[in-house]
Amino acid sequence: MVNLTYPTNRILPTAEELPSSDETPVDNQLQNDIPNLLLSLLASIWADRDDWYFGVDMGIYYNPDEPAIVPDGFLAIGVKHDTGERGRLSYVLWEEQNIMPIFALEVVSERYNSEYEDKLVDYQALGIPYYAIYNPLSGRRGRFKNRQRLEVYRLISGKYELLPIENNRVWLPEIDLALGYEQGEHIAWQREWLYWYNASGDRYLTANERAVNAEIMAAKERQQKEKLAAYLRSIGVDPDAI
């Protein structure tokens with residue numbers, strides 16, 4: 001585990017004083033789109049909560065003398081979601097009461113970036129309870145084509161252990177959600193996506209899916225009203241008089 005204690009007489013740098021980007025571009029579109037989808041779903045699931053933060057391609061600073069660790073996505077619980085108009089520049093542990101993110105996500109790069117090796121070791125040493133690796137190339141090509149599509153590790157006694165996956169989902173009891181994958185459409189792109197699920201295994205819908213469902217329900221209600229009005233007219237009753 002990394003040491004999260006700092007000399008009491010040291011003035012620690014603020015987020016404004018630390019680099020807010022490592023200037024390394026993402027390797028592929030999914031490294032942005034998948035974490036952003038998970039973020040948008042949480043914004044709906046936890047709309048009434050202000051005790052969580054989901055960072056996308058944002059640095060986690062754990063030591064003022066070390067560079068940040070930058071997951072594709074991470075979730076912290078017990079911190080303010082709303083930190084003001086500017087928001088966070090980075091996730092700086094000494095500014096977050098040393099509240100460690102509970103979950104980190106990596107999407108395997110087109111050019112392999114040690115997601116199964118160095119990054120796993122880094123998140124393990126940092127003490128992040130859950131580490132998820134999504135491999136869009138699983139079963140198709142690449143060095144790790146034989147790895148599972150989604151691997152979720154849990155920190156147990158300081159070591160990551162791979163959790164079993166059921167129905168393409170892994171339950172995370174600390175956040176009362178499951179992480180899983182299935183085919184779907186997001187940003188007009190039909191493919192496999194990561195989603196959050198409830199305890200019954202039901203997938204949380206995207207904003208677009210909820211809007212479409214609402215329109216379908218409204219159309220059904222309109223049809224039912226039109227049928228009722230037509231029936232009433234057929235028996236000589238004015239529907240507007242009811």
Side chain proximity check, Glu115 to Asn113, heavy atoms < 4.5 angstrom = yes
Do the charged groups of Asp51 and Arg49 touch, with an N to O distance under 4.0 Å?
-> yes
Evaluate the side-chain proximity of Pro101 to Tyr91: yes if any heavy-atom separation is below 4.5 Å, no if none is.
-> yes
Correct closest heavy-atom pair for Leu38 and Trp196 would be O-NE1, 3.1 Å
Would you mind reporting whether Tyr160 and Val121 have side-chain heavy atoms less than 4.5 Å apart?
-> no
Would Arg169 count as a cation-pi partner of Trp171, with NZ or CZ less than 6.0 Å from the six-membered ring centre and within 45° of the ring normal?
-> no
So do Ile175 and Trp46 actually touch side chain to side chain, heavy atoms under 4.5 Å?
-> yes
Taking side chain as C-beta onward, heavy atoms only, is Tyr116 less than 4.5 Å from Glu151?
-> yes
Below 4.0 angstrom, N of the basic side chain to O of the carboxylate: do Asp65 and Arg10 qualify?
-> yes
Side chain to side chain contact (heavy atoms under 4.5 Å, CB included) assessment of Gln124 paired with Leu155 = CA-CA 7 Å; Gln124 178 177 273; Leu155 194 66; 3.9 Å; yes
Of all heavy-atom pairs linking Glu192 and Tyr134, the shortest is OE1-OH, 2.6 Å
Answer whether the closest heavy-atom distance between the side chains of Leu137 and Val108 falls below 4.5 Å.
-> no
Arg88 vs Glu96 side-chain heavy atoms within contact, under 4.5 Å = yes
Have a look at Leu194 and tell me which of Leu37, Val107, Ile34 forms a side-chain contact (heavy atoms from CB on, under 4.5 Å) with it.
-> Ile34
Correct closest heavy-atom pair for Leu30 and Pro35 would be O-CD, 3.5 Å
Near Glu185 CD, under 6.0 Å, is it more than 12 heavy atoms from other residues, nucleotides or ligands?
-> yes
Reference residue Leu75; test side-chain contact (heavy atoms from CB on, under 4.5 Å); the match among Ile128, Leu172, Leu42, Leu39 = Leu42
Kindly confirm or rule out a cation-pi arrangement of Arg154 over Tyr130, judged by NZ or CZ under 6.0 Å from the six-membered ring centre and within 45° of its axis?
-> no
Asn36 side chain to Asn32 backbone, donor-acceptor under 3.5 Å = yes
Assess whether atom CD1 of Ile11 is packed by more than 12 heavy atoms of other residues, nucleotides or ligands within 6.0 Å.
-> no
Of the non-hydrogen atoms in Leu150 and Gly180, which two are nearest, and what is the gap between them?
-> CD2-CA, 4.0 Å
Between Glu95 and Thr14, is a side chain to side chain donor-acceptor pair (under 3.5 Å) present by the stated rule, with each step listed?
-> CA-CA 8 Å; Glu95 293 186 337; Thr14 66; 4.7 Å; no
Closest approach of Trp94 and Leu18, non-hydrogen atoms and distance?
-> CZ2-CD1, 3.8 Å
Start with the C-alpha gap between Glu209 and Arg203, add the side-chain angles, then the distance that decides, and say whether salt bridge (charged side-chain N to carboxylate O under 4.0 Å, His left out) holds.
-> CA-CA 11 Å; Glu209 289 171 329; Arg203 176 168 71 81; 2.9 Å; yes
Do NZ/NE/NH1/NH2 and the carboxylate oxygens of Lys119 and Glu106 come within less than 4.0 Å?
-> yes
Going by heavy atoms in the side chains, are Tyr123 and Asp118 under 4.5 Å from each other?
-> no
Is any NZ, NE, NH1 or NH2 atom of the basic residue among Glu182 and Arg191 found under 4.0 Å from an Asp or Glu carboxylate oxygen of the other?
-> no
Please name the pair of heavy atoms, one in Leu126 and one in Met100, separated by the smallest distance, quoted to 0.1 Å.
-> O-CE, 3.0 Å
